[in-house]
Amino acid sequence: MKKKKNMLRRTAPLLAVALVLAAGLLAGGCTDTEHTVEGVGTVVRTDDGTYVIRAENGTCYAPFSLNDECRVDGTVVYFRGVLPDGGRAPGSSCIPIEIRDIGTYVPPGENATITLEKVWP
């Protein structure tokens, strides 16, 4: 019985500190509130020369930056990104998105061309 009381005395302060830290993190806004979007879409060059991604579901995304490989009108891409708070892009009906991952999309069952950078003997 004494061992249980001693163990309780040692762990109770640690538990209290852990609870206080957890409450502070939650109250301080350190939780993950990013809204991540991923999908397949078509890159479209708009009349003003900017590029947007029209997702398969019809949603239009305005990427903050788009790599040169994907700046080809009509390219079908897989993309994953984060939507910042704030709604629509200024002067656009598209939703701003910070692209985290993007690449040319190859549908399942299709053949893809692969270029090898190193030839093994």
[atom1] of [X] to [atom2] of [Y]: how many Å apart, nearest 0.5 Å?
| X | Y | atom1 | atom2 | value |
| --- | --- | --- | --- | --- |
| Ile95 | Ile53 | CD1 | CD1 | 12.0 Å |
| Phe79 | Tyr61 | CZ | OH | 5.5 Å |
| Leu66 | Arg45 | CG | CZ | 12.5 Å |
| Thr36 | Arg100 | OG1 | CZ | 7.0 Å |
| Tyr51 | Thr46 | OH | OG1 | 9.0 Å |

Kindly work out whether a path of hydrophobic side-chain contacts (I/L/V/M/F/W/Y, heavy atoms less than 4.5 Å apart) joins [X] to [Y].
| X | Y | result |
| --- | --- | --- |
| Ile97 | Val77 | yes |
| Tyr105 | Val37 | no |
| Ile102 | Leu83 | yes |

Quiz prompt | Minimum-distance pair of heavy atoms, taken over all atoms of Pro63 and Val52 | solution =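 Nearest pair, atom of Pro63 first, then Val52: CD-CA, 4.1 Å.
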Self-check item: Taking every non-hydrogen atom, the tightest pair across Glu38 and Tyr78
Solution: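 Glu38 and Tyr78 have their closest heavy atoms at OE1-OH, 2.8 Å.
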Quiz item: Could you go step by step and tell me if Val76 and Val40 meet the side-chain contact (heavy atoms from CB on, under 4.5 Å) rule?
Solution: CA-CA 7 Å; Val76 180; Val40 174; 3.7 Å; yes
Quiz item: Is any side-chain N of the basic residue among Arg71 and Glu69 closer than 4.0 Å to the acidic one's carboxylate O?
Solution: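 Between Glu69 and Arg71 there is no salt bridge, as every charged N stays at least 4.0 Å from the carboxylate O atoms.
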Quiz item: Is Val43 close to Val72 at the side-chain level, that is, under 4.5 Å between some pair of heavy atoms?
Solution: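 A side-chain contact under 4.5 Å is absent here.
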Exercise. Not counting sequence neighbours, which residues clear disulfide bond (SG atoms under 2.5 Å apart) with Cys70? List them please.
Key: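 Disulfide bond (SG atoms under 2.5 Å apart) check on Cys70 returns nothing, list empty.
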